[in-house]
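First comes the structure, then the notes that go with it.
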Amino acid sequence: MTRATNRRIHWADLPDRVRAAVEEILGDRVVEAVSQSGGFSPGTADRVRTARGRRAFVKAVSPTQNDRSPGLHRAEALIAAALPPAAPAPRLLGSYDDGDWVALVFADVAGRHPVTPWAAGELSAVLSTLEAMAAALTPASVAVAPTAAAQLAPDFAGWRRIAADPPTDLDPWARARLPELCAAADRGLAALTGETLCHLDIRADNLLIGPDGRVSVVDWPWACRGPVWLDSLMILVNVQVYGGHDPEALLRDLPLAAGVDPADLTGVLAGFTGFFLDGARLPPPPGIPTVRAFQRAQGDALLRWLTRRLP
């Protein structure tokens, strides 16, 4: 898997007041903290153990690491607190926010990220989990979640920004079809209607597979209300990036997408492609040096898929 960030802070780097607040939530003193890989927050991501053996997962960040990250933690705190028990997600034990530092404390979930390139058994388990999750989260019970269209409108304008200022290394196929790609992304945005609570950032490093094969979905700051098939489509994007299976064949057999206009699905894929390729041109955000390379890799991979759907 792509290494997300090499500038993550650790439990010991947190101010005393933040560590004390986490220990108050846990009701015990933390005696061990092990930093976790994956994800793009430069804040902490530690599995911790207390003196009496309680385990939890702690993530904390301040604007010093990245000015947007605290806002994402605040959004996730609201979403995680409102998730129903049926959601395959770690339970939020508590949160801390002093206006500068934001910390979230979750029940620890034993598990590891899926293997990439994707293994058939793990992919099947993830697809089944996402189908059950969509059923459990329809209708969306989280009132604070925005609509998918509102969340993604700026991102899906990526092709228009590219058309206004095409990069010199733009793929010739895309350069010749910029009006078509802009129109497809517009159609994709219009298709993002629905009342399912969608995670919106489903990829291998936001999934954990437990020793029993159970799949947990982590990191919910981007959750929104959208179509029942959106998260399942997102994991096929990840399959296209990392390989192991043909996402086009998987999409044809996707139960949640049965009956959906193929042009709508193509439009959503086009919207994400433009977002990734446009975003990859920007300077890296503070504390997250590798995100632009990851966006470019996703954009290039999705563009190859689009050439199959928009010949």
Is it true that a side-chain atom of Ser62 and a backbone atom of Thr64 form a donor plus acceptor pair closer than 3.5 Å?
yes

So if you build clusters from Ile, Leu, Val, Met, Phe, Trp, Tyr with side-chain heavy-atom gaps below 4.5 Å, do Ile202 and Leu208 land together?
no

For Arg49, enumerate each residue passing the side-chain contact (heavy atoms from CB on, under 4.5 Å) test, keeping only those at least two apart in sequence or located in another chain.
Val31, Glu32, Arg55

Starting at CG of Leu83, measure out to CG of Leu78 and round the result to the nearest 0.5 Å.
11.0 Å

Taking every non-hydrogen atom, the tightest pair across Gly213 and Ala125
O-CB, 4.3 Å

Arg214 atom CZ, over 12 foreign heavy atoms within 6.0 Å
no

Salt bridge or not between Asp28 and Arg54? Use side-chain N to carboxylate O under 4.0 Å.
no

What's the spacing between Arg292 CZ and Leu282 CG if we round to 0.5 Å?
4.5 Å

Could you walk me through whether Lys59 and Asp219 pass the salt bridge (Lys or Arg N to Asp or Glu O under 4.0 Å) test, one step at a time?
CA-CA 10 Å; Lys59 56 198 298 187; Asp219 291 342; 2.6 Å; yes

Once ring pair (Phe, Tyr, Trp, His ring centres under 6.0 Å) is applied, what residue pairs with a partner in residues 157-208 remain, sequence neighbours excluded?
His199-Trp220

Just to verify, what does Arg175 make a side-chain hydrogen bond (donor to acceptor under 3.5 Å, both in side chains) with, not counting sequence neighbours?
none

Heavy-atom side-chain contact between Leu200 and Gln151 under 4.5 Å:
yes

Euclidean distance, Leu92 CG relative to Glu76 CD, rounded to 0.5 Å
8.0 Å

Heavy-atom check, side chain of Asp46 versus side chain of Val34, under 4.5 Å:
no

Would a 4.5 Å heavy-atom cut-off, applied to side chains only, mark Pro88 and Ser216 as touching?
no

Kindly indicate whether the side chain of Asp246, heavy atoms from C-beta on, has any atom under 4.5 Å from the side chain of Arg308.
yes

Closest non-hydrogen contact found for Arg17 with Asp100 is NH2-OD2, 3.7 Å

Pairing residues for Ala86 by the side-chain contact (heavy atoms from CB on, under 4.5 Å) criterion, not counting sequence neighbours:
Ala136

Are Arg112 and Glu122 within salt-bridge range, i.e. N to O under 4.0 Å?
yes

Strictly by modelled atom types, are Glu248 and Trp305 linked by a side-chain donor-acceptor pair under 3.5 Å?
yes

Backbone N or O of Pro262 within a donor-acceptor pair of the Arg309 side chain at under 3.5 Å?
yes

Report the distance from atom CG of Leu192 to atom OG1 of Thr147, rounding to the nearest 0.5 Å.
8.5 Å

For Arg68, I'd like to know if atom CZ has over 12 heavy atoms of other residues, nucleotides or ligands within 6.0 Å.
no

Is Ser124 reaching over with its side chain to a backbone N or O of Ala120, donor-acceptor style, under 3.5 angstrom?
no

Is there a path from Val109 to Ile79 through hydrophobic residues (I, L, V, M, F, W, Y) whose side chains come within less than 4.5 Å of each other?
no

Taking C-beta and beyond as the side chain, do Pro286 and Gln65 meet within less than 4.5 Å on heavy atoms?
no

Quick one: list whatever passes side-chain contact (heavy atoms from CB on, under 4.5 Å) with Asp97, sequence neighbours left out.
Arg74, Val102

State whether the side chain of Arg8 and the backbone N or O of Gly287 hold a donor-acceptor pair below 3.5 Å, judged by distance alone.
no

Where at least one partner belongs to residues 231-245, residue pairs that pass salt bridge (Lys or Arg N to Asp or Glu O under 4.0 Å), sequence neighbours excluded:
none

If you compare all heavy atoms of Ala191 against all heavy atoms of Pro227, which two are closest, and at what distance to 0.1 Å?
O-CG, 4.2 Å

Just wondering, do Asn206 and His113 contact through their side chains at under 4.5 Å, heavy atoms?
no

Gln298 and Gln240, any side-chain heavy atoms less than 4.5 Å apart
no

For Arg296, enumerate each residue passing the side-chain contact (heavy atoms from CB on, under 4.5 Å) test, keeping only those at least two apart in sequence or located in another chain.
Asp169, Leu277, Ala280, Asp300

Once you round to the nearest 0.5 Å, how far does CG of Leu104 lie from OG1 of Thr44?
9.0 Å

Shortest non-hydrogen separation from Ala163 to Leu178 and the atoms involved:
CA-CD1, 4.0 Å

Members sharing Val48's hydrophobic cluster (side chains within less than 4.5 Å)
Ile9, Trp11, Leu14, Val18, Val22, Ile25, Leu26, Val30, Val58, Leu93, Tyr96, Trp101, Val105

Between CD1 on residue Ile235 and CG on residue Leu207, distance to nearest 0.5 Å
5.0 Å

On a heavy-atom basis, which atom in Asn66 and which in Pro42 lie closest, and how many Å separate them?
CB-CG, 3.8 Å

According to a hydrophobic-cluster definition based on side-chain heavy atoms being under 4.5 Å apart (Ile, Leu, Val, Met, Phe, Trp, Tyr only), do Phe106 and Leu197 belong together?
no

May I ask you to test the Leu181-Leu306 pair for a side-chain heavy-atom distance under 4.5 Å?
yes

Quick check against the 3.5 Å criterion: does Thr307 have a side-chain atom that pairs as donor or acceptor with the backbone of Arg304?
yes

What salt bridge (Lys or Arg N to Asp or Glu O under 4.0 Å) pairs are there with at least one residue in residues 188-200, not counting sequence neighbours?
Glu195-Arg225

Restricting to pairs with a member in residues 55-76, which pass ring pair (Phe, Tyr, Trp, His ring centres under 6.0 Å), not counting sequence neighbours?
none

Over all atoms of both residues, closest heavy-atom pair of Ile162 and Asp278
CD1-N, 3.8 Å

Do Val61 and Trp222 share a hydrophobic cluster, counting only Ile, Leu, Val, Met, Phe, Trp and Tyr and linking them when any side-chain heavy atoms are less than 4.5 Å apart?
no

Pairs satisfying salt bridge (Lys or Arg N to Asp or Glu O under 4.0 Å), at least one member in residues 137-157, at least two apart
none

Quick check against the 3.5 Å criterion: does Thr196 have a side-chain atom that pairs as donor or acceptor with the backbone of Cys198?
no

Return yes when atom CD of Glu180 has more than 12 non-hydrogen atoms of other residues, nucleotides or ligands closer than 6.0 Å, and no otherwise.
yes

List in chain and number order the residues that pass ring-ring contact (aromatic ring centres under 6.0 Å, His included) with Phe156, two or more places apart in sequence or in another chain; answer none if no residue qualifies.
Phe272

Are Met234 and Val218 connected in a single hydrophobic cluster, I mean Ile/Leu/Val/Met/Phe/Trp/Tyr linked by side-chain heavy atoms less than 4.5 Å apart?
no

Do Arg52 side-chain atoms and Gly27 backbone N/O form a donor-acceptor pair below 3.5 Å?
yes

